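The structure displayed is predicted, hence computed values, not measured ones.
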Amino acid sequence: MLPLSRTYLPSFSRLVRASVCSALFVLLSLGIGPLVTRSEAASPVLETDLCVVGGGSGGFATALSAARAGANVIVVEREPVLGGTSTQALVSNWEPGPGCEFARELFDRLQKIPGAIGVTRDQNPGHKKGPFGLFLSDANLTYDQSLRRSGVPHARFHSVAFNPQAMARTMQAMLEETGRVTLLLNTSFVEADAVDAQDADGQPKRKVDTIEVEDRQGKRQTIRAKIFVDATGCVALCRKLGCETMLGAEARSRFDEPSAPEKPQKVLNAISLCYTIRPSKNPVRQPKPEPTPRFVRTAHVTGGPDGKLVVNPLPLLPGIALIEQGYDACLETGHKTITAHWNWLQTFEPFSGYEFDSAAEMLGIRESYRVVTEYVLTQHDLLDGIERQTHPDLIAVADHPCDVHGRGGHLAGVKGPYGVPYRCLIPRGGWTNLLVACRGAGFSKIAASSCRLSRTMIQLGHAAGEAAAMAIEDDVPVDRINMDRLTEKLKVKERYPQEK
């Protein structure tokens with residue numbers, strides 16, 4: 001039987017963190033700042049070249065690329081470790097698809113740690129053993145075999161499973177090795193100030209001046225930076241600054257996407273709460289909770305070389321519940337539901353020798369607010385593919401299907417790789433020193449359902465960090481950097497492997 005604290009209620013520390021997160025989420029949604037006066041922040045202002053808000057996949061890569069390019073960086077992360085969804089939410093699995101050299105470097109480093117990472121193959125093709133995917137590490141597979149999804153038969157789908165704690169430690173080590181990154185962990189973004197500015201032609205612009213952050217002890221700190229990057233999952237910085245955002249499905253008339261609904265819909269990709277299971281000689285049978293929460297009978301199970309398995313229950317909660325009910329309510333419901341989910345999954349033979357280990361510290365959130373940027377990636381880009389796209393500023397490449405969980409769920413493949421332009425990182429509104437590098441960047445809902453994966457977010461961060469360092473070095477706004485120099489440095493098309 002699961003301990004009560006893990007089955008029906010989050011731990012006290014998790015509840016506190018979730019409640020704070022929920023409160024901030026609601027306040028930010030309403031455009032209301034915390035009820036604390038600026039005079040309460042007694043610490044001196046921290047000055048830096050670049051401030052990255054959010055230390056997930058995009059934020060990590062932003063900080064790493066900027067620091068390696070010579071910029072001094074401050075990273076603000078509300079969790080105790082880096083990695084965001086891929087570590088704290090236990091989405092510790094890179095789906096098949098391309099990445100940049102940062103992802104490969106992470107893989108190479110983790111491969112030197114016993115049991116930390118592996119390339120997987122599906123051990124349940126055709127769902128013959130039950131309605132779940134079972135991707136287990138295979139020592140005969142290589143990282144290069146995980147870099148394509150489009151046009152690859154299911155038997156050759158190879159993802160990368162990793163130990164989340166080892167990933168978080170490796171990310172932190174890579175940043176610390178630069179000697180230019182200050183990590184503010186257990187620290188939340190709470191406020192932002194902007195000032196009027198002008199571009200070189202005298203046109204009115206806006207500039208982020210400072211942000212305020214707060215640690216778990218309630219200590220406030222003001223940060224001033226030349227460039228700011230929003231790498232939070234819900235684009236909290238951009239929303240606080242008043243940037244235009246999108247939420248839910250856009251009407252077909254907005255981007256003329258053939259698969260978009262006629263009218264806008266307030267529906268979001270579903271939320272998961274992942275959990276781990278461990279091998280046991282005498283596994284404890286999970287009792288069925290009463291009343292039994294409803295859930296979809298499916299799962300995506302992955303396992304690296306360490307023997308533990310991570311269970312992603314996929315569409316556990318409707319995505320819109322995050323907005324309507326708040327984070328802490330969703331987390332509590334998630335804990336109740338994974339008890340019922342494990343009770344069901346444990347009846348299948350591959351898992352009869354396992355018992356519950358632990359629940360993720362965070363919800364697995366696939367979709368939230370997205371920023372309206374100088375260019376919004378749409379279904380047209382996915383249909384055109386990288387060879388037909390005419391954008392001169394491609395900074396990332398992806399090939400994952402449009403993958404929607406929950407209401408309206410579907411998996412619609414793309415014909416081949418497509419590129420993401422740099423303009424998808426520049427919020428519309430004339431911002432001179434603001435970029436966004438996370439799942440909330442400039443994507444339509446349809447496009448976001450394809451390119452929201454971790455290795456794509458690492459690519460976005462890689463580009464944002466390089467661009468920020470260039471803007472600092474050349475003393476120009478983020479939309480005036482030398483684009484030829486940036487695209488030449490990133491070499492996006494070379495990231496996609498040729499089909500063999």
With side chain to side chain donor-acceptor pair (under 3.5 Å) as the test, would you mind laying out the steps for Arg455 and Ser146 before giving the verdict?
CA-CA 11 Å; Arg455 277 193 282 195; Ser146 77; 3.1 Å; yes
Determine yes or no for a side-chain-to-main-chain donor-acceptor pair under 3.5 angstrom, with [X] supplying the side chain and [Y] the backbone.
X: Thr333; Y: Cys330; answer: no
X: Asp399; Y: Ser150; answer: yes
X: Asn124; Y: Lys128; answer: yes
X: Asp384; Y: Gln389; answer: no
X: Arg78; Y: Gly54; answer: no
X: Asp209; Y: Val195; answer: no
X: Arg148; Y: Pro497; answer: yes
X: Glu257; Y: Ser259; answer: no
X: Lys445; Y: Val267; answer: yes
X: Gln459; Y: Val397; answer: yes

For residues [X] and [Y], determine if any side-chain heavy atom of one lies less than 4.5 Å from a side-chain heavy atom of the other.
X: Leu382; Y: Cys451; answer: no
X: Cys238; Y: Leu434; answer: yes
X: Leu50; Y: Val229; answer: yes
X: Arg439; Y: Glu367; answer: no
X: Leu268; Y: Ile365; answer: no
X: Ser444; Y: Gln379; answer: no
X: Pro96; Y: Val152; answer: no
X: Phe157; Y: Asp122; answer: no

Dump the intermediate steps for side-chain contact (heavy atoms from CB on, under 4.5 Å) on Met174 and Arg109, then the final yes or no.
CA-CA 10 Å; Met174 290 170 67; Arg109 288 185 178 225; 3.5 Å; yes
Minimum heavy-atom distance between [X] and [Y], given as atom pair plus value:
X: Ala469; Y: Ala69; result: CB-CB, 3.6 Å
X: Ile227; Y: Ala471; result: CD1-CB, 4.1 Å
X: Ile395; Y: Val492; result: C-CG2, 3.2 Å
X: Val310; Y: Leu90; result: CG1-O, 3.2 Å
X: Cys424; Y: Thr373; result: O-CG2, 3.2 Å
X: Cys100; Y: Ile458; result: SG-CG2, 3.7 Å

Taking it one step at a time, do Ile323 and Tyr369 satisfy side-chain contact (heavy atoms from CB on, under 4.5 Å)?
CA-CA 10 Å; Ile323 310 298; Tyr369 292 92; 3.9 Å; yes
Does Asp474 form a salt bridge (charged side-chain N to carboxylate O under 4.0 Å, His left out) with Arg485? I'd like the steps, not just the answer.
CA-CA 12 Å; Asp474 297 338; Arg485 183 176 151 207; 3.3 Å; yes
side-chain contact (heavy atoms from CB on, under 4.5 Å) between Leu106 and Phe162: does it pass, once the steps are laid out?
CA-CA 10 Å; Leu106 283 166; Phe162 51 84; over 6 Å; no
Any chance the side chains of Ser272 and Arg366 put a donor and an acceptor closer than 3.5 Å?
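Result is yes, a qualifying pair exists.
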I want to check a possible cation-pi pair here: Arg297 against Phe295, using under 6.0 Å from ring centre and within 45° of the ring axis as the test.
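Positive - Arg297 is close enough to the ring of Phe295 and near enough to its axis.
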Looking at [X], I want to see if its [atom1] is surrounded by more than 12 non-hydrogen atoms of other residues, nucleotides or ligands under 6.0 Å.
X: Lys207; atom1: NZ; answer: no
X: Lys493; atom1: NZ; answer: yes
X: Lys263; atom1: NZ; answer: no

Measuring from atom [atom1] of [X] to atom [atom2] of [Y], what distance do you get when rounded to the nearest 0.5 angstrom?
X: Cys438; Y: Leu460; atom1: SG; atom2: CG; result: 8.5 Å
X: Ile211; Y: Ile74; atom1: CD1; atom2: CD1; result: 8.5 Å
X: Lys336; Y: Leu273; atom1: NZ; atom2: CG; result: 13.5 Å
X: Thr87; Y: Asn163; atom1: OG1; atom2: CG; result: 10.5 Å
X: Phe132; Y: His127; atom1: CZ; atom2: NE2; result: 8.0 Å
X: Met457; Y: Ser86; atom1: CE; atom2: OG; result: 12.0 Å

How are the rings of Trp94 and Tyr143 set to each other: parallel, tilted or perpendicular (split at 30° and 60°)?
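If you compare the ring of Trp94 with that of Tyr143, the planes turn out perpendicular.
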What verdict does the side chain to side chain donor-acceptor pair (under 3.5 Å) test give for Thr142 and Gln145, after you've listed the backbone C-alpha separation in whole Å, the side-chain angles of each residue and the deciding distance to 0.1 Å?
CA-CA 5 Å; Thr142 67; Gln145 290 174 282; 3.3 Å; yes
Evaluate side-chain contact (heavy atoms from CB on, under 4.5 Å) for His462 paired with Glu101, printing each intermediate quantity in order.
CA-CA 9 Å; His462 188 165; Glu101 57 262 40; 3.4 Å; yes
Output field: ring centroids Tyr422/His391 closer than 6.0 Å
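Here the rings of His391 and Tyr422 have centres that are no less than 6.0 Å from each other.
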Answer yes when Arg452 and Asp403 have at least one side-chain N-carboxylate O distance shorter than 4.0 Å, and no when they do not.
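Salt bridge present between Arg452 and Asp403.
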